[in-house]
Amino acid sequence: MNDPDVIVIGSGAGGAPVAARLCEAGATVLVVEKGPFYKKADFDRDEVEWVRRDKFIPHVRKDPHTRRNDEGLRAVPTADGWISCVVGGGTVHMGGYFLRAAPEDAVQATRFQTVQAATAEDWPFAYDALTRFYDQAEQELGVSGAPSGKDPAIVSHEVAGLVDAAAKTVGVSSAPTPRAILTVPRPDEDRAACAYHALCGSYGCPNDAKGAMGPTYIRRAERTGKLILWTEAMATRLVKGDKGRIEGVVVKRKGQGETTVKAKVVVLAAGAIESARLLLLSGPGLTTSTQVGKNLWFSLFTEVVGRLPRAAFAEKVPALMAGSPFLNRTVMAHGAMSDKDQAAHRLDRAGSLHFGFVHDNPIHRAERAAVDGGFVFGSKLKERLHTHFREGRHIVVEGFGEAVPHKGSYIDLDPRVKDRHGLKAARITHFHHPRDQRVAQVMRETSQKVLTEMGCTEVKTTVGLGETTSLQGGTCRMGKGPETAVVDETGQVFGTTNLYVTCGGALPSSLNVPPTLTIIANALRVAEGIAKARTRPAKP
Amino acid sequence: MPFDRRRVLLSGAATLLAPACKKEEKPAVDDAPPPDQASGRKGVEVALVSAARRILPSDGNGPGAQEAGVGAYVVGLLDDPAAAQLKSILMKGGDFLHRAAKNRGAKTFADLDAAAQDQVLQDLLDGKMRPNRFSGPRFVQVLTAVCLEGYLCDPRRGGNKDKVAWTWLGYDPKGRGAVYE
Ligand SMILES: Cc1cc2nc3c(=O)[nH]c(=O)nc-3n(C[C@H](O)[C@H](O)[C@H](O)COP(=O)(O)OP(=O)(O)OC[C@H]3O[C@@H](n4cnc5c(N)ncnc54)[C@H](O)[C@@H]3O)c2cc1C
């Protein structure tokens with residue numbers, strides 16, 4: 001193989017769009033991906049195989065992260081913090097809630113001036129600069145119900161009417177969630193429209209209706225003939241050259257040992273935790289930034305469930321028990337709050353609430369039935385199963401809020417725990433900032449109010465204040481300068497001339513929505529910059 | 001981990017249910033067997049199969065573990081490399097059940113009557129019996145989790161024979177139409 005022009009590390013939301021754009025601009029791109037490539041024919045609904053045995057992420061004994069709640073504590077091995085190790089990264093088995101960030105998300109530091117101990121950072125460019133790339137991403141992936149408006153929203157279940165009405169009474173917005181799921185087939189791309197099997201999150205899509213990276217940006221890159229894709233290949237170190245240049249990348253390929261590949265440009269998109277880990281593993285002096293691994297955020301998460309008993313709703317909602325289509329509602333989009341609530345909670349915004357049916361995985365649902373209300377087994381368990389599956393529908397409200405980045409949450413290298421290659425594991429130190437409590441309270445209470453107003457019984461909070469570690473960022477964030485950030489406005493790592501970061505690690509804040517559409521839009525933005533800069537004619 | 005439709009009982013969350021297991025308390029039962037008295041694989045298997053039938057009994061209200069082939073599924077996990085992390089607790093727990101039966105004068109766990117089997121499981125869950133080598137509540141929860149797997153899995157994995165549990169509960173893996181009717 002000749003040296004490629006570009007090496008992209010990681011083929012997920014941050015990596016694949018860059019590979020596509022740079023291939024389309026005429027560069028040869030090597031994508032180095034730690035995991036295998038599953039295609040649509042591989043995806044079935046075997047819950048045990050795909051969901052309960054961690055097929056998407058490495059086993060904790062082979063590739064551990066470690067985690068602790070505060071420094072000074074010993075971190076314990078965990079699988080937390082892996083998003084997905086396959087071609088397409090986390091986009092393969094995501095739910096595909098694809099909302100844009102709001103303009104306020106771009107200026108968290110400005111908004112948080114009086115929030116004590118926050119280490120927030122504004123985006124180093126105006127929010128509007130991303131609009132064009134949001135449009136591109138929504139159209140190229142086929143985000144249904146998106147603001148750029150090509151494909152109609154996912155068809156909603158009758159129960160969505162109850163959510164809309166209840167939200168109105170409570171005084172919050174309710175609208176269909178834009179989804180990275182096709183509602184109009186694209187035969188040219190060999191992608192079918194959604195078949196409403198209702199098992200998007202946690203599974204790969206057997207129709208390629210989901211806008212995962214494999215059937216979208218990776219396929220676009222393949223079509224140029226310029227893509228080289230190495231699967232089951234792990235980048236283990238960046239090789240430093242002179243004057244801030246990164247010469248290449250050391251890669252461990254399954255069954256083939258280690259090779260060093262050289263390239264003109266290196267793009268790091270291994271997810272927030274692994275990108276920071278790779279920078280740290282590559283040794284000191286790589287960047288002038290003091291912030292690698294710091295300012296870690298996980299999206300602030302709450303979960304509230306409620307039940308619509310069949311007996312009470314049989315007449316009002318005849319289709320109550322129908323498995324599909326989707327409920328698919330976003331309530332309080334972007335955390336918009338009334339003036340009164342803002343004053344009462346000392347917050348400007350809270351977080352978005354996604355209303356859906358409890359995920360259809362039957363084993364998972366049965367476990368919930370066994371646990372909720374106190375663990376039982378035997379005939380009591382079977383009664384609960386019957387009630388759970390047959391006598392009503394469970395609604396789950398997932399809240400995605402804005403976490404405050406602060407000094408106490410970060411990634412570094414674990415001094416004790418190593419992976420199967422003998423490389424130090426990423427150590428996660430994470431706890432919530434006090435403001436997160438107030439955000440979570442508003443998300444919980446609003447979820448409870450809407451569910452109760454809908455007529456749900458058994459409304460209860462299952463996660464009061466949590467975090468989803470698969471929505472991660474901040475560790476290589478973009479910003480003003482090397483004292484507060486890792487990459488500049490163009491996505492380039494401070495103190496280097498040819499190294500970029502485009503995964504979730506580059507986003508300074510968790511937004512008030514799940515972040516993946518924004519990761520993709522930002523990756524497209526950075527890729528355009530690289531293509532322009534690198535194809536500019538040399539000065540005479 | 002939240003936002004995760006993976007596992008409840010097999011994940012850390014389940015430890016919330018295990019208040020009975022405090023380290024400083026002395027075990028109520030010393031279960032460490034002298035090496036020559038360990039139950040052996042057969043005793044463990046019989047115990048797990050019988051316990052599965054108590055977790056999901058054939059009680060006239062839908063199929064039980066027996067009709068769904070759950071016992072064989074659970075025993076199969078002991079040799080499934082993908083479930084390697086479950087093997088230790090299932091083996092230790094099965095061994096404990098076997099010896100608990102022997103202590104009560106039965107040959108195997110299956111020879112205890114249903115009420116006595118239930119009592120052993122409940123005592124493990126409540127921390128009234130505290131094994132040395134594993135957490136009693138954790139074992140009952142893991143066993144329940146794998147029984148629910150064997151009950152509601154894709155039949156090609158060996159459990160949920162003839163889709164009996166899916167049919168009873170109205171689950172359709174294709175999710176379309178009025179599937180819960
Ligand atoms: C179950 C689930 C549901 C989700 N649902 C949603 C949703 O509804 N909406 C939403 O916005 N987001 C959702 N997400 C989150 C979404 O998947 C992530 O935000 C997104 O994938 C992050 O993009 P990334 O580029 O930072 O990382 P990833 O997409 O994870 O890509 C990183 C890639 O890098 C590879 N890699 C890591 N280290 C190395 C290395 N050293 N060498 C080579 N390759 C490496 C990994 O294998 C991986 O493929 C969900 C995630 C999960 C797990």
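Chain naming here is simple, since letters A, B, ... match the order of the sequence lines and numbering starts at 1 in each.
- A:Arg52 contributes no side-chain N or O that, together with a main-chain N or O of B:Glu149, makes up a donor-acceptor pair within less than 3.5 Å.
- Separation of atoms CZ (A:Arg365) and CG (B:Leu169) is listed at 8.5 Å; rounding is to 0.5 Å.
- A:Arg45 and B:Asp154 are not joined by a salt bridge, as no carboxylate oxygen comes within less than 4.0 angstrom of a charged side-chain nitrogen.
- Heavy-atom neighbours of A:Lys460 NZ from other residues, nucleotides or ligands within 6.0 Å: above the threshold of 12.
- Taken to the nearest 0.5 Å, the CZ atom of A:Arg390 stands 9.0 Å off from the CH2 atom of B:Trp168.
- The part of B:Arg156 that comes within reach of chain A is its side chain, from C-beta onward, which places non-hydrogen atoms under 4.5 angstrom from that chain.
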Inset, instruction - Determine, stepwise, if the pair A:Ile363 / B:Tyr151 fulfils side chain to side chain contact (heavy atoms under 4.5 Å, CB included). - result: CA-CA 8 Å; A:Ile363 301 167; B:Tyr151 197 56; over 6 Å; no

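- Here the straight-line distance linking atom CG of B:Asn61 with atom NZ of A:Lys380 works out to 14.0 Å at 0.5 Å rounding.
- Counting heavy-atom neighbours within 6.0 Å of A:Arg61 CZ, excluding the residue itself, gives a total of 12 or less.
- Taking 4.5 Å as the limit, some side-chain heavy atom of B:Leu56 sits within range of a side-chain heavy atom of A:Lys382.
- Chosen from A:Val396, A:Asp44, A:Val376, the residue pairing most often with chain B at heavy-atom distances under 4.5 Å is A:Asp44.
- Contact annotation for B:Pro63: only backbone heavy atoms (N, CA, C, O) come within less than 4.5 Å of a heavy atom of chain A.
- With rounding to the nearest 0.5 angstrom, the CD1 atom of B:Ile55 is 11.5 Å from the OG atom of A:Ser379.
- When all heavy atoms are compared, the tightest approach of A:Asp360 to B:Tyr171 is O-CE1, 3.4 Å.
- Shortest non-hydrogen contact noted between B:Leu152 and A:Pro362 is CD1-O, 3.6 Å.
- Looking at every heavy atom in both residues, A:Phe377 comes nearest to B:Gln122 through CE2-OE1, 3.5 Å.
- Taking CG of A:Leu381 as the reference point, atom SG of B:Cys147 lies at 9.5 Å (rounded to 0.5 Å).
- Closest non-hydrogen pair, B:Thr144 versus A:Phe375, comes out as OG1-CZ, 3.3 Å.
- With a 4.5 Å cut-off on non-hydrogen atoms, B:Ala165 does not touch chain A at all.
- More than 12 heavy atoms of other residues, nucleotides or ligands lie within 6.0 Å of NZ in A:Lys40, so this atom counts as buried by the packing criterion.
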